2 protein chains.
Amino acid sequence: MLSDEDIASRLRRQIAEGDLLDADGRLPPERELAQRLEISRAHLRRVLDLLATEGTIFRRRGQGTFALPPPATDAARLKPLARRITPAEVMEVRLGLEPTLAALAARRATAQERDQFAQIAAATQAAADQAAYDTADDVFHYKIAEMAHNALFLSMYEAIRSVRREAIWTRQRAETYSDAVFSQLAHQHQTLAETIIKGNAEGAEAAMADHLRTVAQTLAKA
Amino acid sequence: MLSDEDIASRLRRQIAEGDLLDADGRLPPERELAQRLEISRAHLRRVLDLLATEGTIFRRRGQGTFALPPPATDAARLKPLARRITPAEVMEVRLGLEPTLAALAARRATAQERDQFAQIAAATQAAADQAAYDTADDVFHYKIAEMAHNALFLSMYEAIRSVRREAIWTRQRAETYSDAVFSQLAHQHQTLAETIIKGNAEGAEAAMADHLRTVAQTLAKA
DNA sequence: GTTGCAACCAATTTCGAATTGGTTTCGGTA
DNA sequence: TACCGAAACCAATTCGAAATTGGTTGCAAC
């Protein structure tokens with residue numbers, strides 16, 4: 001009989017390799033996955049509870065289980081909007097929202113969340129290539145929105161995230177930061193992570209604004 | 001034969017009296033309204049174009065024609081969210097969003113929009129009772145979001161608006177401002193309107209933050 | 001008591017039909 | 001020719017029913 005931890009590490013490896021994931025980072029439904037692993041659904045759910053607690057997966061009733069932050073509910077509704085939106089407009093909204101989210105996260109994150117967030121921040125620093133950085137950056141910003149502990153705010157950040165994914169221009173961007181910009185972004189992530197983990201709300205707000213201004217300027221030049 | 005302006009003023013009066021409106025401030029569909037007024041749909045649409053341009057009505061394909069700002073698309077989806085949200089959380093989001101919207105509106109509003117906005121602001125000052133103030137205040141804040149000229153931002157403000165309407169607590173709030181608070185809100189509206197119309201972005205941002213803090217404090221005491 | 005299983009619950013998605021504002025076409029009339 | 005009205009068509013949304021999916025409970029077996 002395999003222990004929970006045996007199954008968990010097996011799942012962690014398969015998720016990391018992208019084995020079980022579809023194009024949107026979604027795992028198979030629990031009923032199907034349990035059959036495939038030849039364990040009961042109750043057993044699988046115990047394991048998934050582990051992975052969800054440690055932040056490896058995201059689960060949402062009616063949508064599924066994801067290895068990345070879940071899509072906004074009814075993401076399809078945002079498609080027509082995504083077509084009318086420019087990158088500059090999205091950055092404008094992010095600059096309006098995310099500094100506030102960072103301040104709230106610094107004030108409200110639980111001890112466990114701060115631990116998880118430290119690991120996520122480290123992952124953005126360790127990213128080997130652009131694709132790895134993009135994924136880690138996505139999780140980094142999502143986690144901040146989550147730590148703000150305001151469901152309405154989170155749903156808005158998810159809307160931004162969905163619009164960015166739906167929009168055409170995300171697929172055609174060159175998406176290659178210069179080394180100088182890249183190290184600047186990495187340094188900003190570090191400052192941001194430190195202020196949030198320490199609970200410095202004003203510092204986090206300023207650091208997020210600083211970070212997003214850099215991103216916006218880089219996009220504007222491209 | 002009635003002129004466009006004859007029909008228009010008749011419609012303006014009926015809308016003001018709430019004659020044609022259902023509970024959500026919605027007018028009958030164009031096909032039905034045209035029959036009832038015994039004019040052609042093309043004629044009616046010319047008149048509605050007038051009213052829409054002057055800001056009396058809001059039209060949205062697939063939803064209808066409204067005498068108040070239209071509901072968010074797929075507003076039903078926000079119902080489960082509205083149940084989990086507290087007034088304090090909504091005010092938190094408004095404080096995060098609306099000062100930025102006010103700044104953008106001050107920078108980007110067209111001359112025509114500033115004229116309309118001046119009238120809307122005057123309506124909030126002239127409100128005779130609480131119900132009239134609530135309606136005028138609703139239009140006031142919506143117009144600011146509209147003048148920011150960012151579709152993603154506007155959709156987020158509409159989400160806030162829908163959540164407030166769906167939430168249970170909006171129906172049970174006492175909803176009676178004291179005279180002192182009321183005159184303070186009126187003065188803040190005036191400052192806000194002046195800064196936006198003059199194009200003073202920083203002033204508008206500060207004035208909106210000031211205004212929303214007052215509203216939040218008033219709600220917190222209740 | 002724990003485990004496995006099934007049924008049920010709650011939120012979402014999906015799909016198709018109906019609704020509604022927006023646009024075009026076409027015939028008639030002045 | 002120019003305008004008007006009617007109808008058809010287009011585009012976005014809403015609505016409802018069925019299916020999907022994570023979350024929860026009850027039950028029987030060991």
Side-chain angles (χ1 to χ4, degrees), chain A residues 1-4 7 20 22 24-53 57-67 70-84 151 154-155 158-159 162 166, chain B residues 1-4 7 20 22 24-53 57-67 70-85 151 155 158-159 162 166:
Chain A
M1 180 66 186
L2 289 169
S3 75
D4 286 7
I7 303 280
L20 302 166
D22 72 1
D24 297 330
R26 194 173 118 168
L27 279 73
E30 291 181 353
R31 291 160 178 83
E32 184 185 326
L33 188 54
Q35 273 198 338
R36 201 190 297 189
L37 300 178
E38 294 182 320
I39 58 179
S40 73
R41 193 181 161 209
H43 189 177
L44 172 63
R45 279 183 57 77
R46 272 206 312 277
V47 176
L48 291 181
D49 285 344
L50 268 179
L51 300 190
T53 302
I57 60 171
F58 302 81
R59 294 194 286 184
R60 191 165 291 177
R61 188 188 311 191
Q63 284 189 306
T65 302
F66 301 83
T73 51
D74 200 2
R77 186 183 57 86
L78 297 170
K79 268 187 190 172
L81 187 61
R83 257 183 282 125
R84 309 200 305 268
L154 181 58
S155 81
E158 287 176 359
S162 281
E166 288 290 345
Chain B
M1 180 69 185
L2 290 169
S3 74
D4 287 6
I7 304 281
L20 302 166
D22 72 2
D24 297 329
R26 194 174 115 165
L27 279 73
E30 293 181 354
R31 291 159 177 85
E32 184 184 328
L33 188 54
Q35 274 199 339
R36 202 190 297 188
L37 300 178
E38 294 180 324
I39 57 180
S40 73
R41 194 182 160 206
H43 189 177
L44 172 63
R45 280 183 57 77
R46 273 206 312 277
V47 176
L48 292 180
D49 285 345
L50 268 179
L51 302 189
T53 302
I57 59 171
F58 302 81
R59 294 194 285 182
R60 190 165 292 178
R61 188 189 309 190
Q63 284 190 306
T65 302
F66 301 83
T73 51
D74 200 4
R77 186 182 57 86
L78 296 170
K79 268 186 190 171
L81 186 61
R83 255 182 285 124
R84 307 200 307 268
I85 297 286
S155 82
E158 286 177 359
S162 281
E166 288 290 347

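We name chains A, B, ... by the order of the sequence lines, and we start the count at 1 in each one. This structure is a prediction, so every number in the text was calculated from the model and none was measured.
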Measuring from the side chain of [X] (C-beta onward, heavy atoms only), which nucleotide among [options] has the closest atom?
{"X": "Pro29(A)", "options": "dT21(D), dG22(C), dA11(C)", "value": "dT21(D)"}
{"X": "His43(B)", "options": "dG22(D), dT12(C), dG5(D)", "value": "dG5(D)"}
{"X": "Asp74(A)", "options": "dA11(C), dT13(C), dT13(D)", "value": "dT13(C)"}
{"X": "Arg83(B)", "options": "dA11(C), dT3(C), dG22(C)", "value": "dA11(C)"}

message: By nearest heavy atom, map Gly62(B) and Pro80(B) onto DNA chain C; which one lands nearer the 5' end?
response: Pro80(B)

task: Apply the test side-chain contact (heavy atoms from CB on, under 4.5 Å) to residues Thr73(B) and Arg60(B): give CA-CA distance (whole Å), side-chain angles for both, the deciding distance (0.1 Å), then the verdict.
output: CA-CA 9 Å; Thr73(B) 51; Arg60(B) 190 165 292 178; 4.1 Å; yes

With a 4.0 Å cutoff (strictly under), does any side-chain N or O of [X] reach OP1 or OP2 of [N]?
{"X": "Arg45(B)", "N": "dG22(C)", "result": "yes"}
{"X": "Arg59(B)", "N": "dG22(C)", "result": "yes"}
{"X": "Thr65(A)", "N": "dG22(D)", "result": "yes"}
{"X": "Gln63(A)", "N": "dT13(C)", "result": "yes"}

[atom2] on [Y] to [atom1] on [X], rounded to 0.5 Å:
{"X": "Arg45(B)", "Y": "Thr65(B)", "atom1": "CZ", "atom2": "OG1", "answer": "8.5 Å"}
{"X": "Gln35(A)", "Y": "Arg31(A)", "atom1": "CD", "atom2": "CZ", "answer": "11.0 Å"}
{"X": "Leu27(B)", "Y": "Phe66(B)", "atom1": "CG", "atom2": "CZ", "answer": "9.5 Å"}
{"X": "Arg46(B)", "Y": "Leu51(B)", "atom1": "CZ", "atom2": "CG", "answer": "13.0 Å"}

field: Under 3.5 Å donor-acceptor pair, Arg60(A) side-chain atoms to dG23(D) base atoms
entry: no

message: Base of dG4(C), side chain of Arg41(A) - is there a donor-acceptor contact under 3.5 Å?
response: no

message: Heavy-atom nearest nucleotide on DNA chain D for Ala75(B) versus Ser40(B): which residue maps closer to 5'?
response: Ser40(B)

query: For Arg77(B), which contact category applies under a 4.0 Å heavy-atom criterion: base, sugar-phosphate, or nothing?
result: nothing

task: Write down the distance between CD (Glu30(A)) and P (dA6(C)), rounded to a whole number of angstrom.
output: 16 Å

